[in-house]
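We count ligands from 1, going down the list as the structure has it; atoms in each ligand are counted the same way. Values in this document were obtained by computation on a predicted structure and should not be read as measured data.
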Amino acid sequence: MSITAARVIVCSPGRNFVTLKIETSDGLTGVGDATLNGRELAVAAYLTEHVVPLLIGRDPARIEDTWQYLYKGAYWRRGPVTMTAIAAVDTALWDLKGKMAGLPVYQLLGGRSRSGVTVYGHANGSSLDALLSSVAGFVDRGYRAVRIQAAIPDISEIYGVTSAAIYEPASAAIPAESVWSTEHYLAHIPSVFARVREEFGPALRLLHDVHHRLTPIEAARLGKSLEPYALTWLEDPVPAELPDGYRLIRQHTTTPLAVGEVFNSIWDCERLIREQLIDYVRATVVHAGGLTHLRRIFDLAALHHVRTGSHGATDLSPVCMSAALHLDLAVPNFGLQEYMPHAPETDEVFPHGYRYEDGYLHAAETPGLGVDIDEAAVRAADAKGHAWRNPVWRYEDGSFAEW
Ligand code: EZ4
Ligand code: CO
């Protein structure tokens, strides 16, 4: 069997997605997510111009060899664009291998380690009452873990807080710049968690995403102030380019730390994991080199008491979510899976067999990943994608802050 075609499909059912579809001489097809939010067309061009010509005629069964060929053969290693392109090929080849074997991909990864994938939902609110009712909605729907993002007095825009049904921070326009105040934030957040714990008791797992806004010592203070409320994790307290930042936070707090949604290689987290500076690694299939490479990261993590917590925002397509679920089911050190349901128009373009039930996601039992792209459902007006830009933040004095 050989690869006869590979097509890059750009579409925008509510937001932009890039998908690679590989076809074989036996008439099988496999899909991989190639979406790099805000930089979508860079990956589409990398695939079309540099990767697709190399795939034609190759044996689709040779997943590891193809990964090595694209990683080492490029000479220029790593980076989000390269690793997202490699991820798309790798994911499509795992989908194909499952179809060749007649098995769901998790069976090829060693079989089930658990009956379902525990997910967390995103609760938020522009007031404390709105937040509490948002949390209650998740509890009513069976969620065992909820991420809490709260409005902060005197800050008008907060990451993760919206009145819309589906949170969407990106926009087609050049985004407005929002103002951030660390002082207001640090003063307010502990009281939010006090209230949520009081209302929902000790068993509900609570998480919080700082979105890289703090310095290590500020994050240490936040972690310490949240200890009474026993968070499952504090996410992205500081950027992770400097692993020592996490050591500093660790020296001051027992609040567990999660990081990794922007990681694209094992070399982004090798030291964080080896020195046990984090508790959860949040790398994903689509941005960290596909199932082959993410499995390598998760296996390293397993040696060092680090659990998984893959990114699962709506700017990763249902193809990525399907692939993530197969790996989540198989690895021994799974922690939690982020889950933001996609817009209905996205689900229509990406028919998938995974389903949510009572706090868990369940992977499809069909051969492969159990997901496809329905090209007939892509509207002509959306077939080239749209300008889609991430938000921008500044501190009160006008200097640049992380989103
Ligand atoms: O900001 O996916 O934990 N989830 C997140 C997401 C990310 C976006 C970036 O494109 O932090 O909302
Ligand atoms: Co995050």
Side-chain angles (χ1 to χ4, degrees), residues 12 14-18 33-43 80-81 83-84 87 119-124 138 143 145-150 157-162 164-172 175 178 180 185 189 205-214 219 222 231-240 246 256-264 268-269 272 278-288 308-321 324 328 335-343 346 385-393 401-403:
S12 193
R15 62 168 315 133
N16 290 339
F17 295 106
V18 181
D33 186 14
T35 308
L36 184 63
N37 179 30
R39 296 292 183 270
E40 298 88 353
L41 297 182
V43 183
V81 175
M83 297 305 280
T84 301
V119 296
Y120 69 91
H122 286 196
N124 70 86
F138 283 99
Y143 281 77
V146 183
R147 192 186 83 162
I148 307 291
Q149 305 297 132
E157 295 280 332
I158 298 292
Y159 163 77
V161 176
T162 178
I166 292 179
Y167 174 66
E168 185 42 76
S171 68
S178 306
W180 175 252
Y185 170 73
I189 282 287
R205 295 189 221 171
L206 303 179
L207 299 78
H208 179 62
D209 192 345
V210 180
H211 233 264
H212 304 120
R213 293 287 167 72
L214 301 175
L222 177 62
L231 268 61
T232 293
W233 81 45
L234 186 66
E235 176 173 332
D236 292 346
V238 297
Y246 281 81
L257 303 175
V259 66
E261 65 185 46
V262 303
F263 291 172
N264 51 71
D268 291 330
C269 49
L272 288 168
I278 58 173
D279 300 282
Y280 295 88
V281 60
R282 303 199 63 253
T284 57
V285 174
V286 59
H287 298 139
T308 76
S310 284
H311 191 204
T314 44
D315 49 18
L316 287 51
S317 91
V319 176
C320 177
M321 179 57 82
D328 292 342
L336 281 175
Q337 171 67 54
E338 183 178 25
Y339 176 45
M340 288 172 83
H342 288 97
T346 300
H386 298 285
W388 213 264
R389 299 177 176 97
N390 295 333
V392 171
W393 299 79
E402 305 271 347
W403 159 17

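A donor-acceptor distance shorter than 3.5 angstrom exists from the side chain of Asp279 to the backbone of Leu257, with no hydrogens or angles considered. Judged by distance alone, the side chain of Tyr339 and the main-chain N or O of Met321 form no donor-acceptor pair under 3.5 Å. In terms of modelled atom types and a separation under 3.5 Å, the side chain of Thr35 and the main chain of Val18 share a donor-acceptor contact. Between the side chain of Asp33 and the main chain of Ser317, a donor-acceptor pair closer than 3.5 Å is present. Side-chain atoms of Glu235 never come within 3.5 Å of backbone atoms of Leu207 as a donor-acceptor pair (strictly under, hydrogens ignored).
Any protein N/O/S atom under 2.8 Å from the Co ion (ligand 2) was counted, giving 3 altogether.
Ligand-side atoms of ligand 1 in range of Tyr159: 1 (O), 3 (O), 4 (N), 5 (C), 6 (C), 11 (O), 12 (O), range being under 4.0 angstrom from any heavy atom. Ligand 1 places these atoms under 4.0 Å from at least one heavy atom of His211: 1 (O), 5 (C), 7 (C), 11 (O). Those atoms of ligand 1 with a heavy atom of Ala313 less than 4.0 angstrom away are 2 (O), 6 (C). Taking every heavy atom of Arg147 and a limit of under 4.0 angstrom, the matching atoms of ligand 1 come to 3 (O), 4 (N). In summary, the atoms of ligand 1 found under 4.0 Å from a heavy atom of Asp209, numbered by their order in the structure, are 3 (O), 4 (N), 5 (C), 11 (O). Those atoms of ligand 1 with a heavy atom of Asn37 less than 4.0 angstrom away are 9 (C), 10 (O). Listed by atom number, the atoms of ligand 1 under 4.0 Å from Asp315 heavy atoms are 2 (O), 8 (C), 9 (C), 10 (O). With ligand atoms numbered from 1 in the order given, ligand 1 contributes 3 (O), 4 (N) to contacts under 4.0 Å with heavy atoms of Glu338.
Within the structure, ligand 1 lacks Met340 among the residues with a heavy atom less than 4.0 angstrom away.
Gln149 has its side chain out of reach of Ile158: every pair of non-hydrogen atoms, C-beta onward, lies at least 4.5 Å apart. Side-chain contact between Pro318 and Thr346 is present, with heavy atoms from C-beta onward closer than 4.5 Å. Looking at Arg213 and Leu222, their side chains never come closer than 4.5 Å, going by heavy atoms from C-beta outward.
For the side chain to side chain donor-acceptor pair (under 3.5 Å) with Asn37, the lone residue among Arg389, His287, Arg15 that qualifies is Arg15.
Checked by distance only, ligand 1 and Asn390 stay at 3.5 Å or farther apart across all their nitrogen or oxygen atoms. Between His122 and ligand 1, no N or O atom pair is found at a separation short of 3.5 Å. Between Tyr120 and ligand 1, no pair of N/O atoms sits closer than 3.5 Å.
The OG1 atom of Thr308 lies 7.5 Å from the CD atom of Gln337; values are rounded to the nearest 0.5 Å. If you take CG on Leu214 and OH on Tyr185, they are separated by 5.5 Å, rounding to the nearest 0.5 Å.
Ring geometry, Phe17 versus His342: the interplanar angle exceeds 60°, so the pair is classed perpendicular (tilted spans 30 to 60°).
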